[in-house]
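Right, one structure below, let's go through it.
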Amino acid sequence: MLDHPQEEATLSTKNPSARLLALLAVLAIAAAACGGGTTTAPSTEPSTAPSTEPSTEPDAMATLIAAAEAEGTLTTIALPHDWCNYGGTIEAFKAKYNIAVNELNPLAGSGDEIEAIKANKDNPGPQAPDVIDVGLAFGPSAKDEGLIQPYKVATWDTIPEDAKDAEGYWYGDYYGVLSFEVNKTVVANTPADWSDLLKDEYANAVALPGDPLSSNQAIQTVFAAALANGGSLDDALPGLEFFADLNDKGNFLPAIANSATVASGETPITVRWTYNALANRDATAAAGGGEIDVVVPTSGRFAGVYVQAISAYAPHPNAAKLWMEFLYSDEGQNTWLAGYCHPIRYLDLVATNAVPADQLAKLPDVEGAVFPTLDQLDAAKTLITTQWSTVVGAVVQ
């Protein structure tokens, strides 16, 4: 794979079009870097064989729907309902098609999703995922390992070139920015920046949103901490050192944080994607719970892209393809926007007047956030997962 430009870009929330253009400028995942063109013609017959060209003919879609509904089930993994409005997305899919959704381990991390494919290569049962939603760095590695199959949705051409694999093995779906999620019932003063987390008042209060050995969100949290502590997109080591200091100080809480643990106060402070934190803030308030504060830190503003892919061993390949068609339709993209996510087809939605203004207005201010390139993500992932145990020494579970 070719090298990618090692550059940073800012992300302005004042101009949504500029915001996504900044993303595309730094997501150097060029088609030439990931392989050549496709050779398989689109098929209009139900088949378990990979499809590498988008089908836009109505009869092809009708055939796919019939084949998917005949399979009757879609198996997903690692899709919490409060993550990017996945609850609403799943319900909308089930309402639109006669397909049950078997949801595996909603709180799993990206690494767990990959392992689930590996563990069920020869098992077509209910524990085998059909589709995955993983951090950007996991898409190319899953392709290299032969764990995912190519498929191009009907809206393929409107997915930015720099945010998808040229052969259709994986494609970006949405992005967010890391933020501090704080339970105000437990924490009197909301931290404004990474350095604040080392204050005495946050003893045993700061948790990660996953295991940094396997969770994309946790890995990128450590990466983001590096940016605020003397590191860079090419040097994630200061992030590990920051968490070592946090652990030595007694402020690090080695428990995996999620919406419920933040709302209950078990993990008073965590770092999560804006869309997770804001959704939990709203849900907790609606349920009559305590106040949750969400703050994008002053420094180390870090944006992350997630990608979709179909398992090479999917027991329900047609349902998997139909799921992708739904996610990348205008309807599917707007379910993510409703969950505080920035959909990958945002510019196309704007051009066709398909973006609800009220949803856009709810997106947080993430000005100055930076997007690492794929090479930078790979390097940081390797460093963090191999050195967390020795540098930080905390077992997160």
Side-chain angles (χ1 to χ4, degrees), residues 11-25 27 53-62 64-65 68 74 79 81-97 99 101 131 133 136 151-165 168 170-177 273-276 278-279 282 303-309 320-366 369 371:
L11 197 65
S12 170
T13 56
K14 309 305 181 186
N15 183 335
S17 296
R19 180 171 61 233
L20 190 56
L21 287 172
L23 160 67
L24 303 182
L27 282 182
E53 289 296 332
S55 294
T56 57
E57 294 300 323
D59 60 337
M61 183 59 70
L64 176 60
I65 292 171
L74 172 76
L79 302 184
H81 284 201
D82 61 350
W83 178 289
C84 211
N85 190 36
Y86 258 120
T89 303
I90 292 169
E91 289 306 312
F93 179 77
K94 291 193 296 184
K96 193 175 185 72
Y97 304 109
I99 297 174
V101 178
V131 293
D133 175 327
L136 176 61
Y151 177 72
K152 294 182 178 181
V153 294
T155 56
W156 178 259
D157 289 343
T158 66
I159 302 171
E161 293 295 331
D162 291 339
K164 62 189 178 187
D165 174 68
W170 53 263
Y171 14 99
D173 43 19
Y174 56 82
Y175 68 91
V177 174
W273 299 116
T274 43
Y275 46 82
N276 295 148
L278 291 165
D282 293 353
V305 176
Y306 279 76
V307 302
Q308 299 283 345
K321 293 171 186 176
L322 187 61
W323 171 249
M324 294 301 175
E325 294 288 357
F326 179 74
L327 292 184
Y328 288 87
S329 68
D330 288 1
E331 180 183 359
Q333 291 280 284
N334 277 320
T335 65
W336 279 327
L337 190 61
Y340 297 104
C341 278
H342 296 71
I344 205 67
R345 289 185 54 235
Y346 174 75
L347 290 181
D348 182 65
L349 296 176
V350 170
T352 56
N353 297 314
V355 179
D358 59 332
Q359 294 179 3
L360 181 60
K362 295 192 303 181
L363 294 178
D365 179 0
V366 294
F371 289 85

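In this structure, CG in Leu327 is found 13.0 Å from CD1 in Ile344, a value given to the nearest 0.5 Å. Here the OG1-CG distance, from Thr89 to Asn334, works out to 10.5 Å after rounding to the nearest 0.5 Å. Going from atom CG of Leu337 over to atom CG of Asp330 covers 11.5 Å, rounded to the nearest 0.5 Å. Between the OH atom in Tyr86 and the CG atom in Asn276 there is a gap of 11.5 Å [rounded to 0.5 Å]. Remark: Met61 CE to Ser329 OG distance equals 9.0 Å, nearest 0.5 Å.
When all heavy atoms of Glu331 and Ala92 are compared, the pair lying nearest together is OE2-CB, 4.3 Å. For the pair Ile159 and Gly172, the tightest heavy-atom approach, listed with the atom from each and the gap, is CG2-O, 4.4 Å. Across all their heavy atoms, Ala309 and Met324 have their closest contact at O-CE, 3.4 Å. Closest non-hydrogen pair, Asn85 versus Ala338, comes out as ND2-CB, 3.9 Å. Taking each heavy atom of Val177 and Ala369 in turn, the nearest pair found is CG2-CB, 3.9 Å. The two atoms that bring Tyr275 and Gly339 nearest to each other are CB-O, 3.1 Å, heavy atoms only.
Take Glu91 and apply the side chain to side chain contact (heavy atoms under 4.5 Å, CB included) test, not counting sequence neighbours, and it matches Lys94. With sequence neighbours excluded, the residues that form a ring pair (Phe, Tyr, Trp, His ring centres under 6.0 Å) with Tyr171 are Trp156, Tyr328. With sequence neighbours excluded, the residues that form a side-chain hydrogen bond (donor to acceptor under 3.5 Å, both in side chains) with Asp82 are Ser259. Taking Thr274 as the reference, nothing meets the side-chain hydrogen bond (donor to acceptor under 3.5 Å, both in side chains) condition, with sequence neighbours excluded. Taking the side-chain hydrogen bond (donor to acceptor under 3.5 Å, both in side chains) definition, one finds that Trp273 meets it with Tyr306, sequence neighbours left out. Legend: residues meeting side-chain hydrogen bond (donor to acceptor under 3.5 Å, both in side chains) with Trp336, ordered by chain and number and at least two apart, are absent. Applying the salt bridge (Lys or Arg N to Asp or Glu O under 4.0 Å) criterion to Asp282, with sequence neighbours excluded, gives no partner residue. For Phe93, the ring pair (Phe, Tyr, Trp, His ring centres under 6.0 Å) criterion is met by Tyr97, Trp323, Phe326, not counting sequence neighbours. Residues passing the side chain to side chain contact (heavy atoms under 4.5 Å, CB included) test with Ala68 are Ile99, Asn318, Ala319, Leu322, sequence neighbours excluded.
Put simply, the side chain of Trp170 reaches to within 4.5 Å of the side chain of Leu136, judged on heavy atoms. For the pair Glu325 and Thr155, the minimum side-chain heavy-atom distance is 4.5 Å or more. At a threshold of 4.5 Å between non-hydrogen side-chain atoms, the residues Asp173 and Asp133 count as touching.
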Next item on the list: Begin with the C-alpha distance, continue with both residues' side-chain angles, and end with the deciding distance and a verdict on side-chain contact (heavy atoms from CB on, under 4.5 Å) for Lys321 and Val153.
Entry: CA-CA 8 Å; Lys321 293 171 186 176; Val153 294; over 6 Å; no

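Put simply, the side chain of Gln333 never gets that close to the backbone of Pro343: no donor and acceptor are under 3.5 Å apart.
Note: Tyr175 and His342 have parallel aromatic rings, judged against thresholds of 30 and 60 degrees for the angle between ring planes.
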Donor-acceptor pairs under 3.5 angstrom involving side-chain atoms of residues 350-360: please list them, not counting sequence neighbours.
from, atom 1, to, atom 2, distance (Å)
Thr352, OG1, Asp348, O, 2.9
Thr352, OG1, Leu349, O, 3.3

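Tyr174 and Gln308 are not linked by any side-chain donor-acceptor pair at a separation below 3.5 angstrom, with hydrogens and angles left out of the test.
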